[in-house]
Amino acid sequence: MALDANSSESPALVQEGAVARFFRATEIDTRMLGMIAAILVVWCIFDIWSGTKIANEGLFGGSFLTPRNLWTLLVQTASIAIMATGMVLVIVMRHIDLSVGSLLTLVATISAVLQVQHLGPALGVGHWSIWILATVAALSVGVFVGACNGYMIAYLGIPSFIVTLGGLIAYGRGIGFYISEGVTIAPLDKTFKIVGGGVPESWLGPFWSWVLAVIACAAIAYAVYSGRKQRLRFNFPLRPMWAELLITGLASATVLGATHIVNSYPWPPKLIEQFALANQITIPPGVENRDGTGVCMAADKVVRCVDGLIFYTGYPVPVLIALAVGLVMTFIATRTLFGRYVYAIGGNPEAAELAGINTKLMTVKVFALMGFLAAVSAIVASARLDAATVSLGDLNELYVIAAAVIGGTSLAGGLGTIYGAMLGALLMQSIASGMQLLNLPSAWQNIVVGSVLVVAVFVDQIYRRRVK
Amino acid sequence: MKKTLMAVMAGALMLGASAVAATAGTVAVSWKTFQEERWKTDEAAIKAVVEAAGHTYVSTDAQGSAQKQAADIESLISQKVDVILVVAFDSDAILPSIQKINDAGIKAIAYDVQFEDPNALYITFDNVGVGRLMSKSVLESGHTEGNFAFIKGDKGDPNATFLFQGITEVLKDGLDSGKIKNVCESFTDGWKPDNAQKSMEQCLTANNNKIDVVVSENDGMAGGVVAALEAQGLAGTVPVTGQDGDKAALNRVALGTQLVSVWKDSRVLGKQAAEAAVAMINGTAIDALPGVTKFKDGKKGVEMNSILIPPNPITKDKLGEVIAAGWVTKDEVCAGVKDGVEACK
């Protein structure tokens with residue numbers, strides 16, 4: 001991103017076209033733009049295609065571009081996206097972590113066993129403190145195991161590939177299996193489940209979603225403003241005013257658009273009915289078909305006939321967690337000393353060490369951070385499934401690495417962005433979800449996702465060569 | 001000499017004499033791996049029957065290696081055991097070892113995993129039957145028409161296909177007449193519950209929640225399906241099938257979010273296999289064993305004598321059976337159950 005923008009600046013020598021001038025002025029990462037375009041194209045194709053099978057309310061008459069599907073898509077992406085943000089830093093530092101999926105299984109198993117077999121019986125099922133203890137335990141295990149990985153890599157000098165390959169074999173299906181005895185641990189604590197996004201309690205609702213969106217827009221405006229002030233202070237070249245406004249506008253529009261979409265997905269009718277029953281609200285006459293199959297899905301109709309009994313979901317908790325992780329990780333990567341060190345080490349480990357960076361400690365920290373994120377994903381994934389199983393994290397490491405790489409992280413180290421990896425995760429899940437929506441054989445899903453990975457890296461390399 | 005004596009003994013047994021043999025024999029088991037929890041249950045059942053009949057039980061663990069299993073079997077042959085139960089790690093690679101068993105005049109039993117040798121006895125659960133039972137339970141619960149979703153297992157596992165054969169066989173009339181519509185059908189990589197959850201979410205989206213029945217090929221995936229249904233408030237109204245008798249699944253059956261878990265009680269399998277082994281020591285011919293039928297649905301179509309044990313579909317009103325059998329505790333099955341489930345009272 002910023003790096004490429006700088007390297008492309010060989011002023012005056014190259015005659016810039018209007019498009020190049022535009023991108024230079026706005027400093028928009030063209031690679032990110034490409035990924036977003038790819039995602040949008042995939043979405044449109046799936047919507048049109050699914051529309052030819054069953055007509056629905058999507059933008060092009062299909063099922064893909066409906067609030068419901070996009071909402072589900074975000075939830076499905078959350079777990080991989082969270083881990084992908086950490087994998088970026090690991091890969092940027094010229095390491096790899098193959099153990100994240102296995103660690104996810106281990107963490108999920110430990111927290112589930114703790115909830116179901118120990119805390120539940122001891123404190124009483126549903127006790128308020130269960131989810132807190134289970135979460136703390138999960139995060140601690142994640143950080144600890146991650147730090148151990150890092151220690152072995154940094155201080156014992158074992159290559160990260162080997163350490164984490166060992167972890168891949170040992171954690172989930174080794175230690176995890178030993179702890180759970182291979183049994184599915186379910187159901188989980190009711191409060192803990194909120195993190196998974198499958199229950200109404202985990203939906204923010206339209207009001208708070210809008211509040212959040214407005215805060216986000218304000219934050220964007222402030223970030224642009226303070227960025228400009230900083231540049232003025234240090235006499236850096238400024239973006240033209242129109243570019244500043246355009247970026248603020250585009251970013252805010254994206255936030256508001258996304259909020260509008262999640263706020264247009266109504267509660268499933270059955271849940272509205274259950275809610276009405278539980279809260280002794282009489283459902284007004286006029287809604288005959290409440291079996292989850294018809295009328296109630298047409299949002300406008302329900303609004304008219306059951307005033308007050310239509311609820312919209314808003315942002316689900318797992319998506320909020322993923323977004324928060326993305327924000328914090330972007331801040332860490334681009335705005336902190338820690339982040340600078342990571343990229344410096346990735347760019348040239350020897351130089352970084354000579355410059356006085358404690359590269360060994362940094363390695364431990366980055367792997368501990370990765371472990372922490374794997375634990376967050378474990379909480380999200382197990383809460384969503386409402387169970388911990390021995391296969392929960394299987395193959396996740398590959399999807400996480402693929403997401404980071406599709407998102408532009410270079411396996412040679414030194415390059416990679418957090419948002420790129422998250423978009424990579426979204427692209428992969430879009431393809432998988434779309435193909436499931438079309439009921440295509442899963443063999444095809446594997447073929448397509450595998451091909452996308454290779455093609456994405458190929459396109460990325462062409463792009464980099466041209467930029468140079 | 002010993003064999004003649006045994007034949008005489010067997011004759012006596014068949015006339016209803018005591019099951020204690022004068023000459024104690026040895027029953028051996030070559031396990032493919034002992035890492036999975038379930039085999040311990042099988043072993044306990046086998047051991048109990050063998051030792052009650054006055055014979056000796058020995059076993060080897062191939063630790064998931066075809067080579068180790070071949071060596072294990074050679075060592076069992078040289079120990080001059082009478083019957084070897086083989087849980088084959090690789091059903092083709094095992095065949096030379098089976099030939100050696102035959103050559104040594106020892107009886108072989110294919111336990112749970114088939115290898116195709118006409119001299120051996122094949123004893124297993126009726127896997128096609130599991131699929132049939134899933135469909136039957138659905139039909140018997142009154143769901144005879146509408147949109148059916150099929151969540152199949154891993155595409156690399158032949159069992160997923162066997163199961164699906166049985167499932168569609170029973171639903172054939174409905175599918176042919178169009179009363180039953182197959183609206184979603186997907187394999188699930190690695191039988192992973194979270195993959196099944198995603199498939200189900202997409203299936204519900206594609207069909208606007210118009211799903212009447214979900215046939216899931218095992219309990220783990222049924223868990224993912226129920227989680228997806230729950231998020232739409234449909235858990236408990238849409239019947240979901242499964243198999244394995246998982247604790248969590250039996251709990252769901254009690255809670256009403258899952259219709260049936262087809263249960264393959266490995267103790268029944270172990271007991272029947274051990275009884276067959278004891279009868280074989282006593283000289284009973286394989287095709288004269290109780291419950292033996294001809295089976296030739298294997299890969300190569302070799303006809304074998306086999307005992308196919310019918311699995312037990314556990315629905316809400318049969319939960320008492322799994323509790324009584326000691327498979328799960330009442331607390332495990334009944335956790336969170338509020339309304340009147342007979343077994344939880």
Side-chain angles (χ1 to χ4, degrees), chain A residues 50 53-54 56 63-64 66 68-69 72 75-76 79 116 120-121 125 177 181-187 196-200 267-275 291-294 297 381 384-387 389 391-395 429 432-443 445-446, chain B residues 35-38 147 149 152 154-155 182-212 219-221 223-224 226-238 244 246-249 251-252 255 257 331 335-336:
Chain A
S50 61
K53 289 192 153 185
I54 303 171
N56 208 327
S63 311
F64 200 95
T66 54
R68 171 179 179 167
N69 187 59
T72 314
V75 178
Q76 291 172 339
S79 163
V116 176
V125 174
F177 188 95
E181 295 174 337
V183 176
T184 301
I185 313 288
V199 286
W267 280 30
K270 273 283 172 185
L271 291 179
I272 296 182
E273 195 181 355
Q274 282 166 19
F275 181 85
D291 61 355
T293 58
M297 286 311 293
R384 186 168 125 75
L385 184 61
D386 191 15
T389 67
S391 65
L392 189 61
D394 282 6
L395 290 183
Q429 187 57 50
S433 295
M435 296 183 83
Q436 273 167 354
L437 204 60
L438 291 164
N439 206 8
L440 295 176
S442 65
Q445 296 171 28
N446 297 346
Chain B
Q35 230 235 318
E36 290 165 51
E37 182 73 10
R38 73 154 282 198
N147 291 344
K152 303 190 285 184
D154 190 279
K155 56 182 172 290
N182 175 351
V183 289
C184 308
E185 180 190 329
S186 58
F187 281 113
T188 310
D189 284 349
W191 299 80
K192 283 183 69 184
D194 48 321
N195 286 340
Q197 182 178 14
K198 285 179 186 161
S199 297
M200 196 62 223
E201 282 168 346
Q202 296 313 107
C203 174
L204 286 165
T205 303
N207 294 283
N208 266 333
N209 286 6
K210 285 177 216 144
I211 299 293
D212 299 296
D219 281 343
M221 299 193 301
V226 169
L229 290 171
E230 208 164 38
Q232 294 297 322
L234 298 172
T237 53
V238 179
D244 290 342
D246 274 8
K247 286 171 190 171
N251 180 234
R252 283 194 296 272
L255 290 167
T257 53
D331 288 348

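Just so it is clear, the values below take in all heavy atoms, side chains as well, and ignore hydrogens, waters and symmetry mates. Letters A, B, ... are given to chains in the order of the sequence lines, protein chains preceding strands, and every chain is numbered from 1.
Contact annotation for B:Leu204: both backbone and side-chain heavy atoms come within less than 4.5 Å of a heavy atom of chain A. For B:Val226, no part lies under 4.5 angstrom from a heavy atom of chain A. Using a 4.5 Å cut-off between heavy atoms, A:Leu392 contacts chain B through both its backbone and its side chain. In this structure, chain B has heavy atoms under 4.5 Å from both the backbone and the side chain of A:Ala443. The part of B:Asp189 that comes within reach of chain A is its side chain, from C-beta onward, which places non-hydrogen atoms under 4.5 angstrom from that chain. Looking at A:Ser50, neither its backbone nor its side chain comes within 4.5 Å of chain B, counting heavy atoms on both sides. With a threshold of 4.5 angstrom between heavy atoms, B:Thr237 approaches chain A through side-chain atoms but not through N, CA, C or O. Heavy atoms closer than 4.5 Å to chain B are found in the side chain of A:Gln429, but not in its backbone.
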Exercise. Could you walk me through whether A:Gln76 and B:Gln202 pass the side chain to side chain donor-acceptor pair (under 3.5 Å) test, one step at a time?
Key: CA-CA 11 Å; A:Gln76 291 172 339; B:Gln202 296 313 107; 3.1 Å; yes
Practice problem: Please report the C-alpha distance between B:Lys198 and A:Ser433 in whole Å, then the side-chain angles of each, then the deciding distance to 0.1 Å, and finally whether the side chain to side chain donor-acceptor pair (under 3.5 Å) criterion is met. | Solution: CA-CA 8 Å; B:Lys198 285 179 186 161; A:Ser433 295; over 6 Å; no
Quiz item: After noting the C-alpha distance and the side-chain angles of A:Arg68 and B:Asn208, does the key distance pass the side chain to side chain donor-acceptor pair (under 3.5 Å) rule?
Solution: CA-CA 10 Å; A:Arg68 171 179 179 167; B:Asn208 266 333; 4.7 Å; no
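Among the candidates B:Pro193, B:Ala228, B:Ala249, B:Ser186, the residue making the largest number of heavy-atom pairs closer than 4.5 Å to chain A is B:Pro193. Among B:Glu230, B:Glu185, B:Lys155, B:Arg252, the residue making the largest number of heavy-atom pairs under 4.5 Å with chain A is B:Lys155. Counting heavy-atom pairs closer than 4.5 Å to chain A, the top residue among B:Cys203, B:Gly233, B:Ala196 is B:Gly233.
Annotation: side-chain contact (heavy atoms from CB on, under 4.5 Å) contacts of A:Asp394 (sequence neighbours excluded): A:Arg173, A:Ser391, B:Lys192. For B:Ala335, the side-chain contact (heavy atoms from CB on, under 4.5 Å) criterion is met by B:Asn251, not counting sequence neighbours.
The CZ atom of A:Arg384 lies 4.0 Å from the CD atom of B:Glu201; values are rounded to the nearest 0.5 Å. Rounding to the nearest 0.5 angstrom, the gap separating the CE atom in B:Met221 from the OG1 atom in A:Thr389 is 12.0 Å. The SG atom of B:Cys184 sits 9.0 Å away from the CG atom of A:Leu437 when rounded to the nearest 0.5 Å.
With hydrogens and angles disregarded, no donor-acceptor distance shorter than 3.5 Å links the side chain of A:Asn56 to the backbone of B:Ala206.
Proximity of A:Thr184 to B:Asp219: side-chain heavy atoms (C-beta onward) are nowhere separated by under 4.5 Å. Proximity of B:Asp246 to A:Val183: side-chain heavy atoms (C-beta onward) are nowhere separated by under 4.5 Å.
Of all non-hydrogen atoms in B:Gly224 and A:Leu385, the two that sit nearest each other are CA-CD1, 3.5 Å.
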